[in-house]
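I have placed the structure first, in the form of structure tokens, so that the comments after it can refer back to it.
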Amino acid sequence: MTNKSSSEEKSENDKEVKLRGVINCMIDQVSELYVKMEIDHNEQLYHFIDHAIEVVLAEQQDKDGHFEDPIDLKVRQDIVEENYIKCAACGTLNSKRKQKCTGCDEREGIKKAKLDQKNTKPDPKKKEKIPKLVFIHDEDQSKVSTVTTEFTQYDHITTNHKGKHELVLTDPVYCNPNSIKSVALVLRKIGQENGIHRYGGNKCHWTFVCCDGLPYLIIKKLKEEALVCAITGCHETFLSRDLYEKHCEQIHQGSEKQFMHEFDWMYLRIGAGHYEMNLVKSFFELNWTPFLETLCEIMGFCTDSSKQFAKSCKDHHKSWRLLLIFHLSSFQELVLPYVRNCLSTRCPPTAKGFLTSGIEKYSYGNYQNFKYMLDQVCKFSQGIVNFRMATWRNNADLLKSSKYMTKELFHGRNHPKYQKIELYDTIQDRMMPDNVRELNDLYASITTSGNPSAGEDLDFVLEEKNKQLKAWIPKGMPTDIIWQTVCRNNRALEKIKNHSLSLFGIQSTKYVSRPLGIEDAITAYRTCLRRSNYLDKEKDHTSISGMALDEGLVNFVHEATKKRIVMLRTEFLGEIFEEQSTFKHPLPITPSEREKLQSFGNMTIKQIQKEIHKMLNKIPDPFQFDYHNYIYEQEVETKGKTKLLNFLEELKRVMETLDTEFEDQIRYNFDGYACQHIKSYNIW
Ligand SMILES: [Zn+2]
Ligand SMILES: [Zn+2]
């Protein structure tokens with residue numbers, strides 16, 4: 001339809017061929033690139049397994065031919081405490097139901113012991129600390145703002161930070177970038193401020209734009225749909241293809257269509273901070289029933305509302321701690337039988353040896369609990385930990401590896417936004433010219449302090465900056481002018497602050513890492529796993545609390561991979577699939593969820609549409625409404641049952657999280673805060 005020269009057509013053609021190549025490569029997952037990503041992952045995996053082996057090995061004591069450790073003692077002690085009471089007079093252990101002591105034959109001793117138990121709160125016993133992961137430091141310590149032995153610094157990962165970066169702030173754009181129109185507005189402003197040729201500037205032809213999930217998808221849409229009429233003298237802009245078509249019919253009847261993509265001057269970057277948050281969220285969503293509900297109960301999340309809080313990861317910092325507790329303690333319990341076996345056969349335990357034995361264990365017996373947990377820990381929670389380490393240390397290779405290893409978390413369940421983001425992000429990375437990719441990789445994250453372990457992606461750098469800016473704003477609702485003033489004077493204000501802090505001898509504690517303090521939690525969780533004999537149970541796959549899990553869950557990775565391939569082929573290659581029932585739903589976690597999904601699938605298209613309309617009208621946030629309504633009309637309403645069902649599920653999830661987020665969004669909006677989520681950065 002467009003009027004193109006043959007050379008342009010050829011380059012379009014080349015692009016199409018390259019895209020097909022990239023996608024086929026993503027489907028096969030066998031090329032050198034994938035081997036390298038797995039090696040990068042395994043290097044960290046071995047590192048963590050070796051640490052777990054070291055911890056467990058040091059705990060074992062030989063007791064007449066069998067091994068015991070402090071966790072066994074704790075299990076026994078717990079059982080005794082729950083079932084027996086020690087007579088205060090003679091010290092005999094009595095069953096809790098006994099009134100009269102079997103030792104001294106008196107009632108007084110037991111009576112007193114029961115009273116004492118009631119009156120004394122459990123005293124926080126000083127437990128032996130489990131050794132922490134300690135790594136060798138970067139050689140260049142003098143420039144590091146803080147030096148610490150905590151493993152949160154991840155010193156064993158190669159860091160590619162090259163000194164610190166200063167952020168240059170431009171004026172804020174006063175709108176919330178959650179609707180198509182306002183995002184286009186923000187992008188144009190970014191284009192103008194950065195001297196992009198498309199907007200008459202003369203500084204550069206293209207740039208990177210970093211943002212979080214919702215604006216990311218809107219920008220992706222704009223990159224594909226927004227057109228500039230290129231018919232001589234016209235230059236009118238359109239946010240969708242439909243609008244452009246109408247324009248041509250009305251204004252340029254008879255002439256050949258010519259257009260440009262307005263937003264082809266940028267590469268999109270998904271903010272790593274938000275990506276990580278969503279990985280953690282989907283890990284919690286998937287593993288809530290299998291393991292994490294029990295872990296959270298141990299950690300004191302007992303009421304329904306506090307459990308809901310933990311499950312939906314509303315506090316990322318808390319969720320991260322829970323994830324680490326899960327990750328480290330699960331590894332320690334997983335390696336235990338292997339380590340004991342090595343001790344009795346007198347061969348040194350290794351990470352590789354453990355993995356081989358783990359696979360053997362599964363192929364000989366039917367240890368579904370063991371198999372599923374091994375997958376979740378070795379692939380997913382390790383992948384998420386790698387993601388954070390890679391971001392903090394600015395290591396693009398490890399970052400890509402971690403995205404690759406964790407992607408099924410998005411694709412196996414219902415996370416449509418990040419499913420698309422993961423795929424588009426990967427495709428864009430493979431499609432970039434090599435030198436553009438190299439540049440992008442150099443800045444996988446930046447550090448504003450110079451600390452080589454304090455890398456953040458631009459989304460979090462900016463959020464921190466926003467917090468800083470807010471501190472300068474007087475109480476009450478700030479006007480646009482105040483915001484602008486604070487932004488423009490930001491550097492001067494920061495200088496004054498740092499100067500007076502050093503004058504008074506107050507140092508910023510921003511990057512001092514504190515001890516995690518999760519040792520007790522690790523012991524408690526391991527005790528729970530050990531006591532229930534969870535990992536050594538054969539046959540049925542269950543949760544730690546004993547609930548039956550869906551028979552297909554143990555093959556989660558395999559099934560999720562299939563779903564991803566279907567999405568690649570339908571969304572990116574435009575292939576059409578028969579509506580197969582297996583691809584309709586997210587993979588069920590429990591038998592009752594499977595039933596629910598099936599009955600859900602029996603609804604007629606009319607019923608689903610009606611349900612969706614009801615939900616849409618309940619979305620209180622106008623920006624979220626605008627986006628979802630647009631997506632519904634454009635991509636869902638008439639596009640088949642699978643899409644309708646998935647969209648309905650997505651809406652339910654949006655509603656669950658909106659109750660609390662809504663207030664924040666409104667507040668941010670009044671502050672002129674959220675408007676800065678998308679910005680380009682002059683750091684390149
Ligand atoms: Zn007694
Ligand atoms: Zn025109």
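Just the heavy atoms: all of them, side chains too, but no hydrogens, waters or symmetry mates, feed the values below. Just so you know, ligand 1 is whichever comes first in the structure, and atom 1 is the first atom listed for that ligand.
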Tell me, please, which residues at least two apart from Lys407 pass side chain to side chain donor-acceptor pair (under 3.5 Å). none
Between Asp425 and Ile421, is there a donor-acceptor pair closer than 3.5 Å when you use the side chain of the first and the backbone of the second? no
What lies under 2.8 Å from the Zn ion (ligand 2), restricted to protein N/O/S atoms, is Cys229 SG, Cys234 SG, His247 NE2, His252 NE2
Does the pair Glu249/Lys246 count as a salt bridge with the N-to-O cut at 4.0 Å? no
Charged N-O contact under 4.0 Å between Arg188 and Glu262: yes
Does the gap between the ring centers of Tyr216 and Tyr275 come in under 6.0 Å? no
Establish, for the pair Lys220 and Tyr424, whether the NZ or CZ atom is under 6.0 angstrom from the six-membered ring centre and no further than 45 degrees off its axis. yes
